[in-house]
2 protein chains.
Amino acid sequence: MMVSLAEIRETSGEVFTDGCPTRVVLDHIMSKWGVLVLLALTDGTRRWGELRREVDGISEKMLASTLRTLEADGIVSRTSYPEVPPRVEYALTELGRELMEHMLPLVQWVAVRADGIVREG
Amino acid sequence: MMVSLAEIRETSGEVFTDGCPTRVVLDHIMSKWGVLVLLALTDGTRRWGELRREVDGISEKMLASTLRTLEADGIVSRTSYPEVPPRVEYALTELGRELMEHMLPLVQWVAVRADGIVREG
DNA sequence: CTGCATCCAATCTGATACTG
DNA sequence: CAGTATCAGATTGGATGCAG
């Protein structure tokens, strides 16, 4: 194993503490919709409507909420163009791209194994 | 970037489809408590009470629910010893250890960055 | 000790309707 | 197109109480 839990403890001794920064960020990026939105943005810039369609099943409310959270975290950037009709584009920031470099391998592993794992609804 | 979204689409063209296996597994392992329980087990075998204390803030209800889900997925193993008082040990399976090899780097990255990211409660 | 069952409050979600 | 407002339903969380 390349990275040990011990190393994580050294970096953030409070991964297991309720309300610590690590947990907060973890909750944002590993949330049900957070992962999928980030995944969609890994391909490149996306408009609101594109994300809505691409992330199957997400409600407008959750898309808005997820995007606002990730934007506040500095992981996603929002660019609004003063046009009619309105156009708003979302993209990963440098921090976001760095994050996805670490998340993609995990998601890919899951994608490969998922079919063999699933048994409950 | 080592792994591309395109590669994930090739493996599982339905990462974005509601209810697909990849999403189901992703929800289990990346859930609020799932990540923390898996993290605790990365150190090695843990008893029920140890997990309860180590994963700060988790309720018995959620711990039981999380463990049952991960066990059903074949990621965590449960060993019950017929003693008095009872003793039950939880550990990562081979699949689980493989999973954590991919998840630890991500968690570590978050642990390093979290303090700089957090701004909302 | 290791859980499961239940009740109740707090949150989170989602569908619908509506605004700029 | 890009959201916000609202309300009802689903989930989650905590506190107990109890069983193996």
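Reminder, nothing fancy here: chain letters follow the sequence lines and each chain counts from 1. Fair warning: this is a prediction, and the values are worked out from it, not measured in the lab.
Each of P86(A) and K61(A) has a nearest nucleotide on DNA chain C; the 5'-most of these lies closest to K61(A).
Residues E71(B) and R68(B) are not paired through a salt bridge, judged by the lack of any N-O separation under 4.0 Å between the basic side chain and the carboxylate.
Using a 4.5 Å heavy-atom cutoff, the side chains of L39(A) and L104(A) are in contact. Considering only heavy atoms from C-beta on, V55(B) stays 4.5 Å or farther from T66(B) through its side chain. Inter-residue side-chain proximity for L99(B) and L106(A) is flagged as met; some heavy-atom pair is nearer than 4.5 Å. Residues E98(A) and R113(B) are in side-chain contact: their nearest non-hydrogen atoms beyond the backbone lie under 4.5 Å apart.
For dC1(D), its base never sits under 3.5 Å from the side chain of E83(A) at any donor and acceptor pair.
Across all their heavy atoms, S80(B) and V88(B) have their closest contact at OG-CG2, 4.1 Å.
For the pair L67(A) CG and dT4(D) C1', the interatomic distance rounds to 14 Å; values are reported in whole Å. The CG atom of D27(B) sits 10 Å away from the P atom of dT12(D) (whole-angstrom rounding). One atom, CG of L63(B), and another, C1' of dA5(C), lie 16 Å apart when rounded to the nearest Å. Remark: C1' of dT12(D) and CE of M62(B) are 6 Å apart, rounded to the nearest angstrom. Between the P atom of dC12(C) and the NE2 atom of H28(A) lies a distance of 10 Å, rounded to the nearest Å. Counting to the nearest Å, the P atom of dA10(C) and the NZ atom of K32(B) are 18 Å from each other. Atom C1' of nucleotide dC1(D) and atom CZ of R78(A) are separated by 12 Å, given to the nearest angstrom.
Side-chain atoms of P85(A) lie closest to dC1(D) of the nucleotides dT2(C), dC1(D), dG14(D). Side-chain proximity of E60(B) to dT4(D), dC4(C), dA2(D): nearest is dC4(C).
Distances shown here put a side-chain N or O of Y90(B) below 4.0 Å from the OP1 or OP2 atom of dG3(C). Phosphate contact (OP1/OP2 of dG13(D), side-chain N/O of W33(B), threshold under 4.0 Å): present.
The closest donor-acceptor contact from the side chain of D18(B) to the backbone of D56(A) lies at 3.5 Å or more, if one exists at all.
Interface residues of residues 47-58 of chain B facing DNA chain D, ordered by number: G57(B); criterion, heavy-atom separation under 4.0 Å.
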